[in-house]
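Throughout, numbering of the chain's residues begins at 1 and tracks the sequence.
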Amino acid sequence: MSANKIQHKVNHVALVVDCSGSMHQHQSQLIRVVDEFVAGLKAESDSLGHETRISLYSFDHKVENLVWDMDVKHLPSMRGLYKVNNGATALIEASLKSLDDLGHIWEAYGEHSFLQIVVTDGEENASGGDRRHDGDMAILGPWLDKIAAKMGALPGHWTSAILVPNSLAKRTAQNYGFPAGNIAIWDADSQEGVEEAIDTVRAAATSFLRGREHGVRGTKNLFAVGQDISVDDVRANLEPVPADKYRLLKVDTEVEIRSFVDSHPGVTYERGSCYYQLGTRVQVQPDKDVIVVEKDTDRAYTGDAARSLLFGTGIQGTVSVKAGRNPKLEVYVQSRSVNRKLKPKTRLLIML
């Protein structure tokens, strides 16, 4: 390649959505929020100067490609494309087909990365044949072998992730080969759960695209935040909090937030004034502020742009997130609970 040749970044995103009978209550809402997800991909790609192409799949006991590797700028609405049926759930078959299809994309020119996100509200029961009625699970064995082999052989610039309805389904997804950090649980029994699921996916896709700017082409920790931003990003986009307006307290043992604060001289617990350090996965509601802290200096930054910087532009709802690995920065989330359990080896930020 010549020294002056531009290696433009090309992102191939496959969104694979369950359309089995149990998704019927979510059909109209899912169409709307997927359209918003695509709009978010377009906005982030435009701001970064990337080319992003999207493929859409739906699956019940059959797997159907709805859109193939189309520029997000030209993707029509999911309305008229996505329709819930009364079939079973060929989860493994859908996951494999979308990965196999993406494997046909020519990568000779440009710097390509691949992101597959599967959304399901149930468990596998149809790959290789509908087993809802006959109870024959023997046919599933070869499919388990296929997906485990496929996931284990994915190149480093491929990322495969999934949203599942419960912890049992999460363990099953891990057995299929989905990395633990690329599995998130969503509430498949509520309308709010759909919006949270897509906002979580959208935040993850934003993190994925931004990570490309730092040379990260694939990840096994997709559903995390803060790993894709730098100190320069924070200083350029957020407002510094005056040093005399907050305190950082070290947490040594698991303890309730109010009693912990009140045990320190000079501070008293007040609802909304405390920010816990983001660690394991939590739900961050749209009315919760966030603060970013430089580890080396303990300087804190916040502002109206904080949520957009961490979760992605235009995300208005609740997101399910955990802390990404960032050697320079920590993320803190506002708490209004009087009995939140603070975790050992974390810190609490108190606004004075």
Exercise for the section: Measure up the H12 and H112 rings against each other and bin them: parallel (under 30°), tilted (30 to 60°), perpendicular (over 60°). Expected result: parallel

Problem - K150 and D100 ion-paired at < 4.0 Å - result: yes

Completion exercise
Sorted by chain and residue number, the side-chain contact (heavy atoms from CB on, under 4.5 Å) partners of K42 (sequence neighbours excluded) come out as D46, V72, K73

Problem - Within-4.5 Å side-chain heavy-atom neighbours: N326 and I229 - result: yes

Practice task
Please check if any side-chain donor atom of E294 sits under 3.5 Å from a side-chain acceptor atom of T297, or the reverse.
Solution key: yes

Practice task
Tell me yes or no: between the side chains of D232 and S230, is some donor less than 3.5 Å from an acceptor?
Solution key: no

Handout entry: Residue pair S98 / D101, side-chain donor-acceptor N/O under 3.5 Å
Key = no

Problem - Under-4.0 Å salt bridge between R307 and D289 - result: no

Problem - Nearest heavy-atom neighbours spanning F114 and I105 - result: CE2-CD1, 3.9 Å

Problem - Test side chain to side chain contact (heavy atoms under 4.5 Å, CB included) applied to D69 and I54, step by step - result: CA-CA 5 Å; D69 204 42; I54 189 165; over 6 Å; no

Exercise for the section: Considering only NZ, NE, NH1 and NH2 on the basic side and carboxylate oxygens on the acidic side, decide whether E64 and K62 come within less than 4.0 Å. Expected result: no

Practice task
Evaluate the side-chain proximity of E123 to L168: yes if any heavy-atom separation is below 4.5 Å, no if none is.
Solution key: yes

Practice task
Could you grab the distance from atom CD of Q334 to atom CE of M351, nearest 0.5 Å is fine?
Solution key: 9.5 Å

Practice task
Determine whether F178 and M151 make a side-chain contact, defined as any pair of heavy atoms from C-beta on separated by less than 4.5 Å.
Solution key: yes

Handout entry: Verdict with reasoning, N339 to I257, per side chain to side chain contact (heavy atoms under 4.5 Å, CB included)
Key = CA-CA 6 Å; N339 56 4; I257 189 169; over 6 Å; no

Exercise for the section: Would you kindly say whether T219 and N221 are connected by a side-chain donor-acceptor distance under 3.5 Å? Expected result: no

Handout entry: Worked check of side chain to side chain contact (heavy atoms under 4.5 Å, CB included) between V17 and L56
Key = CA-CA 8 Å; V17 185; L56 298 174; 5.9 Å; no

Exercise for the section: Could you point out which residue of H8, K9, E213 forms a side-chain hydrogen bond (donor to acceptor under 3.5 Å, both in side chains) with H50? Expected result: E213

Handout entry: Flag side-chain contact, heavy atom, 4.5 Å: Y82 against M23
Key = yes

Handout entry: Any V201 side-chain heavy atom under 4.5 Å of F37 side chain
Key = yes

Exercise for the section: Determine, using the 4.5 Å side-chain heavy-atom cutoff (strictly less than), whether V67 and L30 are members of one ILVMFWY cluster. Expected result: yes

Practice task
Answer yes if the side chains of Y176 and Q174 hold a donor-acceptor pair under 3.5 Å, and no otherwise.
Solution key: no

Handout entry: Side-chain heavy-atom pair P344, V251 within 4.5 angstrom cut-off
Key = no

Problem - Any L348 side-chain heavy atom under 4.5 Å of L248 side chain - result: no

Exercise for the section: Evaluate the criterion side chain to side chain contact (heavy atoms under 4.5 Å, CB included) for residue pair Y246 and I291; output intermediate values, then yes/no. Expected result: CA-CA 11 Å; Y246 67 94; I291 294 176; over 6 Å; no

Problem - Residues E93, K97: salt bridge by 4.0 Å N-O rule - result: no

Fill in the blank from the handout: Rounding to 0.5 Å, atoms CG (D233) and CG (N237) come to a distance of 6.5 Å

Exercise for the section: Say whether R212 and N11, considering side chains only, have a donor N or O and an acceptor N or O under 3.5 Å apart. Expected result: yes

Practice task
Kindly give the heavy-atom pair with the smallest separation between P165 and A188, and that separation in Å.
Solution key: CB-CB, 4.0 Å

Handout entry: Minimum heavy-atom distance between Y269 and S337, given as atom pair plus value
Key = OH-O, 2.6 Å

Exercise for the section: With the side chain counted from C-beta on, respond yes when K295 and V293 share a heavy-atom pair under 4.5 Å apart, and no when they do not. Expected result: no

Fill in the blank from the handout: To the nearest 0.5 Å, atom CD of E195 lies from atom CZ of R202 at 11.5 Å

Handout entry: Shortest non-hydrogen separation from G193 to W186 and the atoms involved
Key = O-CE3, 3.5 Å

Problem - cation_pi(R340, Y276) dist<6.0 Å, angle<=45 - result: yes

Handout entry: L99 with V119, same ILVMFWY side-chain cluster at under 4.5 Å
Key = no

Fill in the blank from the handout: To the nearest 0.5 Å, atom CG of D121 lies from atom OG of S20 at 5.0 Å

Handout entry: Shortest non-hydrogen contact between L342 and F260, atoms and distance
Key = CD1-CD2, 3.7 Å

Exercise for the section: Measure the spacing between CD1 of I350 and OG of S273 and express it to the nearest 0.5 Å. Expected result: 6.5 Å

Completion exercise
Here the gap from E254 atom CD to E256 atom CD, rounded to the nearest 0.5 Å, amounts to 9.5 Å

Practice task
Treat each ILVMFWY residue as a node, draw an edge where side-chain heavy atoms are under 4.5 Å apart, and state whether V16 and W143 are in one component.
Solution key: yes

